[in-house]
Structure formats: structure tokens, C-alpha cells
J.: 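The following block contains the structure, expressed as C-alpha cells.
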Amino acid sequence: MSDTAAKTYPPSDAMAANAHVDATKYDAMYAASISDPDGFWREQGARIDWIKPFTQVKDVDFTLGNVSINWYADGQLNVAANCIDRHLETRGDQTAIIWEPDSPEDEALHITYKELHAQTCKMANILRDLGVSKGDRVIIYLPMIPEAAYAMLACARIGAIHSIVFAGFSPDALAARVNGSEAKVVITADEAPRGGRNTPLKTNADQALLHCKDTVKCLVVKRTGGQTTWVDGRDHDYNALAADAADTCTPEVMDAEDPLFILYTSGSTGQPKGVVHTTGGYLVYAAMTHEVTFDYHDGDIYWCTADVGWVTGHSYIVYGPLANGATTLMFEGVPTYPDASRFWQVCEKHKVNQFYTAPTALRALMGQGNSFVEKCDLSSLKLLGTVGEPINPEAWNWYNEIIGGGRCPIVDTWWQTETGGHLMTPLPGAHAMKPGSAMKPFFGIKPVILEPTTAEELQGNPVEGVLCIADSWPGQMRSVWGDHERFEKTYFADYPGYYFTGDGAKRDADGDYWITGRVDDVINVSGHRMGTAEVESALVAHPKVAEAATVGYPHDIKGQGIYCYVTLMGGQEPTEELRKELRTWVRTEIGPIASPDLIQWAPGLPKTRSGKIMRRILRKIAEDDFGALGDTSTLADPSVVDDLIENRMNRS
Ligand code: WTA
């Protein structure tokens with residue numbers, strides 16, 4: 001495989017000498033984590049404070065029909081106490097959260113651990129007064145404001161299970177999650193400023209709540225002061241309540257396996273599923289990966305540019321960093337507002353040491369030219385990270401040279417909503433990096449590459465196939481909310497005995513891992529997961545659409561774009577106007593991130609005689625790679641393919 005010939009970037013001597021983990025330590029720790037997982041994770045369990053110490057460590061069964069995953073099961077703890085209270089004595093006046101608002105004209109906030117404690121307790125008391133108790137669900141639909149972190153931690157404090165809905169999702173998507181989780185309260189804000197524009201969050205919530213039980217309450221945070229309608233009895237003014245709420249609140253004693261949060265994510269079939277993460281193992285794993293992968297040291301300023309609506313924001317803006325007593329930066333805005341230098345200005349302004357972002361943002365910024373970077377002082381940066389999708393060598397090199405000045409290691413972290421934290425990444429003091437490779441498994445992770453059809457494990461190097469994980473780790477999801485059977489079917493049925501990631505991977509001649517992308521019907525648009533089935537069901541819900549099929553295609557900035565083949569109802573005219581209408585329709589049904597990039601009118605879709613759509617063919621046509629369609633003779637009507645090729649939309 002030619003990848004091994006690629007240039008490698010060994011850690012600098014200084015990095016290797018000062019890092020939490022160097023090469024020798026990695027090898028020894030990794031070996032120990034695999035040969036004695038109980039012993040290894042027993043020791044790591046001491047990273048966090050337990051109200052009642054655990055005696056059991058790992059209790060896991062991956063057998064289909066019997067899947068159960070438990071870590072530290074007899075231990076008791078509280079996540080908010082771990083992220084806040086235990087730091088008060090030693091670092092109460094240290095900044096916990098730096099908040100950088102959408103507009104650089106507005107003032108940034110520095111929230112100390114003491115303030116974080118007071119604000120979280122206030123929010124916790126307000127939620128309790130609204131009738132929320134242990135085990136109840138709370139939906140958080142907020143901009144990237146400090147109250148989002150307060151809300152998460154307040155839920156954790158009182159044992160409520162939060163489910164964050166990204167503020168870019170539509171009222172319909174919000175309603176589905178409120179109903180799916182049977183939430184008691186929705187926490188939202190009047191408006192969400194992003195890139196100089198305000199999204200009317202409360203108005204969206206109002207629309208969503210029309211489709212929810214009328215017992216659901218709405219707690220409204222003031223962000224812009226923009227006008228909102230008010231439903232007496234249902235809506236509650238957070239700022240007024242917080243002014244009077246007590247600023248202490250006793251943390252609930254939680255079992256290690258009590259759920260901490262649900263996060264809805266796209267799969268290859270049906271509606272998004274509620275990924276369930278629990279308390280003890282999740283926190284140990286988030287804290288450890290945050291410290292080791294980013295080589296976080298006391299006093300560092302750490303910035304992850306994700307939104308708390310995604311898992312990256314959960315584990316690496318809030319829970320991991322705060323469990324470690326870090327200073328974590330929360331950014332409300334976008335990389336290109338007011339201009340393409342914003343990320344780098346924020347790095348300079350707050351003297352950021354570790355910077356973690358998505359390849360899609362790097363590609364977009366790279367395209368704007370280096371002048372936006374050169375005017376900023378980036379000398380505080382020590383480490384860079386990426387997440388969400390494979391990074392192409394051009395973007396990697398730009399990140400390394402222009403942003404990192406050639407001195408910062410880049411951790412390419414591969415993981416998923418389901419995994420709770422990093423599963424593969426180079427460690428900055430231990431591994432020579434290869435641009436585009438996720439390199440090595442984290443401690444306790446046993447990646448295996450299987451032959452896709454026979455499920456046989458491919459031994460040796462180099463090999464390529466589907467990526468599974470052979471054993472559990474503490475941050476692993478425990479179930480799909482309300483549907484354990486779907487959990488088992490999605491992750492444990494195709495490759496018995498393994499956790500199936502849905503990704504393909506290769507292991508090169510050196511034994512380093514490269515993620516090749518999803519092998520299921522999930523596409524990765526700007527680092528966000530989108531199920532093709534979701535887009536399709538939105539499209540066919542439109543009265544003029546008879547049938548639709550959606551696939552991904554390579555997109556310069558987004559990584560993958562959304563390509564839809566649409567068959568119209570008889571008598572409907574395929575006009576440019578209708579294209580626009582369908583695009584808007586999908587945006588309202590799901591949200592702007594699901595907006596189709598290309599819509600091709602398809603008089604027919606390629607189907608087998610049994611009526612199954614041949615997506616392989618549609619993918620190839622969307623990739624403009626129709627020379628390699630393979631066997632089309634099994635199609636019910638092979639001639640539809642010629643029409644699709646002739647009218648394809650993505651032509652190079
Ligand atoms: C993809 C995001 C290549 C992968 C944390 C995975 C990546 C999906 C990487 C999960 C990476 C994530 N290199 N691909 N470093 N990181 N992916 O659940 O396909 O939003 O299965 O979690 O993103 O996306 P999710």
C-alpha cells in the first residue's frame with residue numbers, strides 16, 4: 001500500500017519529553033489495557049470522584065439477543081460534582097469556561113468554577129421547581145451560550161437525562177425528539193445569533209410544542225431580547241427565575257449505569273435513534289481521552305469549535321474538559337463571521353493552546369487564502385486536532401504549516417456519537433503522524449478489520465474491510481432509548497460478537513489505521529451525520545414526489561454533498577422552481593444541514609426485480625464514475641440507467 005510511503009511526522013523531542021504519554025508508555029499501557037482490562041480501567045476509574053467507590057469494573061456481553069454493557073456498575077457518583085464541586089477548593093477562581101460571543105464587538109465572558117457552580121445550582125433548582133426529578137428527560141435547544149453548559153450540568157446534578165437538539169434543527173425534528181424522549185421540559189432561548197443572523201429558536205420551539213403533550217414546559221433563556229410570544233403556564237422566564245433561585249443544590253447520588261444523556265443521531269434506516277450514554281464509564285472515558293489525546297496540562301486554554309448539539313460538544317467542550325478542571329472555550333459564532341480570520345483571531349485573543357475542529361471548516365478557510373491567518377498571532381498553539389470525517393492531505397498540510405507553523409502535532413481523532421470518546425488517534429507525544437491516518441487505537445480499544453461478506457477477521461498487514469471493535473470500553477453507548485432491540489440489531493447483528501462501527505478501514509503495512517468512510521447509508525456532510533433514509537422520507541412526504549433516493553457524492557468543502565434522485569407524481573412538471581421548493585421542504589422537515597445539494601429528476605430508479613433500489617448504481621452516477629457501474633443485468637429495467645447517466649448533475 002502506498003500510504004506507508006507517505007511522509008511521517010514524528011513528535012518533537014520536547015513534546016515527547018513532556019507529554020502525558022510517550023511511545024514507550026503508550027506501548028506498555030496499551031498492552032496492559034488489552035491483557036487486563038479490569039485492572040487497567042480499575043486504575044483509570046480513580047480519575048473521578050465516587051460517592052460510593054465501585055468494586056466491579058467491566059461486565060459486558062456482546063452476544064446478540066443478550067447484549068449488555070456495564071462499567072463500574074456498583075459505584076455511585078454525580079457528574080456535575082465531578083465537573084464542578086471537586087475543583088472548588090483548588091481552582092474555584094480559575095476560569096472554567098471562556099465564552100466568545102457571535103460578534104467580536106460583544107464582550108467575552110470568563111466564568112470561574114465558582115460562578116459555574118452557582119449558575120448550575122440555580123438552573124438545577126429551577127428545573128426541580130418545574131417538576132423535574134431523577135430519571136426525567138429534559139430537551140436542551142439552545143445557542144452556544146453558557147446556559148447550555150449550565151443546563152447540561154444542572155440536569156446531571158439532579159439526575160435528569162438531557163437530550164440536546166442542535167439549534168439548526170427544524171421544529172419538526174425538535175418535536176420528534178421531545179416526543180421520542182417523553183421530555184418534561186424544553187430549555188430554549190429567544191433567539192440564536194450565528195454569523196450575524198438570528199434564528200428564532202423560541203418561535204421554532206412554539207411550533208414544535210404544538211405537536212407535543214400540553215404538559216411539556218418551556219424554560220426560556222434571554223439571549224438577544226428579541227420578541228417572543230408567551231404561553232402563560234407553559235413558558236417560564238429563566239432569567240427572572242434565576243435572579244431569585246438559590247445558588248446551592250445538593251447533587252443527586254447516581255448509579256454508574258444511570259443514563260446521563262440521550263443524543264439523537266442518524267442511522268442507515270428510519271428515524272434518528274436516541275443514543276444512550278450513562279454516568280460513570282462515560283465520564284472516566286471522556287476525562288481520560290481529553291487529557292491524553294490533547295495532552296492537556298493544567299493552565300492550558302483549550303478550544304473545541306464544535307456545537308454542544310453534537311457528541312463532540314458533549315465530551316470535549318463540557319464533560320471531559322470540566323472533569324479535568326480545564327479552561328474550555330465556548331464559541332457562539334461561525335468561522336467566517338465577520339470574516340475568515342475569526343477562528344484565528346479568537347485563538348490570538350484568548351491565547352488558545354489546543355485547538356480542535358472539523359476538516360470541513362479547514363477546507364472552507366483554506367480556500368479564503370492565507371492572509372486571514374497571517375495577520376493573527378498563533379504562537380500560543382501547541383496542538384491541533386480534527387474530528388468528524390477523513391482529512392484530505394491538502395487540508396492536513398495547510399493545517400500543519402499555516403496554522404500550526406509546523407510545530408504542532410495534529411491529532412486526527414476517529415470516533416462516533418456511539419463511542420462517547422476517541423477510539424483511534426495518534427497521541428501527540430507517542431506517534432509519528434501520517435496525514436489522513438487515525439493511526440492507533442486508544443487504550444482498551446481492540447479494532448478488527450473484517451471481510452465484509454464472510455465476516456472473517458483479516459489478519460496481518462496491509463488489509464482493508466469493515467471496521468469492528470472486539471471488546472467494550474467505558475464510554476460505549478449502552479442502548480437506543482426505548483428500543484434495546486434496535487441497538488442490538490444495528491450494532492451487533494451483522495458481525496456477531498463485535499461492535500460494528502458502520503465505517504470501513506484499512507490497516508497499512510505499519511499497522512496504522514485509515515478510516516475509509518461509511519459503508520452504510522449514512523453520509524457525512526460537513527462532518528455531520530445524515531441518514532439518506534431521513535432525507536428520502538422527507539422528500540416523499542411532499543405531495544408532488546412519488547419516489548426518491550438519496551446518496552452522497554464527493555464535495556470539495558463539505559466532504560460529501562447530498563444528491564437526490566426524485567421521481568415526480570404523474571403530471572407534475574420538473575421545473576427549477578420545484579427544485580427550489582423541494583430544497584426548502586427538506587430544510588423545514590429536518591433542518592438546513594439536510595438541504596439537498598443536487599436534485600436530479602429521475603423518470604425511474606434502478607431496481608432489482610424484487611423492487612429493491614440499487615444504490616450502488618446511484619452512488620456511482622452521483623460520483624460521475626458511471627464507467628464502473630458493474631453488472632446491471634439484474635435490473636428490472638436496465639434502460640433507466642442510461643437516462644440517469646445522461647442527465648447526471650455532477651459533471652467534472
Ligand atoms: C466519521 C463524530 C474519518 C466516521 C465524533 C464516523 C471520521 C462518523 C473521523 C461519526 C475521523 C468521525 N476520520 N472519519 N477522524 N471522525 N468520522 O457520530 O464515518 O457525528 O462513523 O461522531 O464520522 O460521526 P458522529
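Just so you know, these numbers use all the heavy atoms, side chains as well, and skip hydrogens, waters and symmetry mates. Note that ligands are numbered from 1 as they come in the structure, with each ligand's atoms numbered from 1 the same way.
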J.: I'd like to know if Asp512 pairs up with Lys440 as an ion pair, taking the criterion as any Lys NZ or Arg NE/NH1/NH2 lying under 4.0 Å from an Asp or Glu carboxylate oxygen.
T.: yes
J.: Hey, is CG on Asp556 packed in by over 12 heavy atoms from elsewhere, all under 6.0 Å?
T.: no
J.: Quick one: list whatever passes ring pair (Phe, Tyr, Trp, His ring centres under 6.0 Å) with His314, sequence neighbours left out.
T.: His162, Phe261
J.: Holding to salt bridge (Lys or Arg N to Asp or Glu O under 4.0 Å), I want the full list of residues that pass it with Asp503, two or more places apart in sequence or in another chain.
T.: none
J.: For ligand 1, give me the residues whose heavy-atom distance to it is below 4.0 Å, by chain and number please.
T.: Val311, Thr312, Val387, Gly388, Glu389, Pro390, Asp412, Thr413, Trp414, Trp415, Gln416, Thr417, Asp503, Ile515, Arg518, Asn524, Arg529
J.: Between Phe331 and Arg342, is there a cation-pi geometry (under 6.0 Å to ring centre, at most 45° from the normal)?
T.: no
J.: List the residues meeting salt bridge (Lys or Arg N to Asp or Glu O under 4.0 Å) with Glu534, not counting sequence neighbours, and say none if there are none.
T.: none
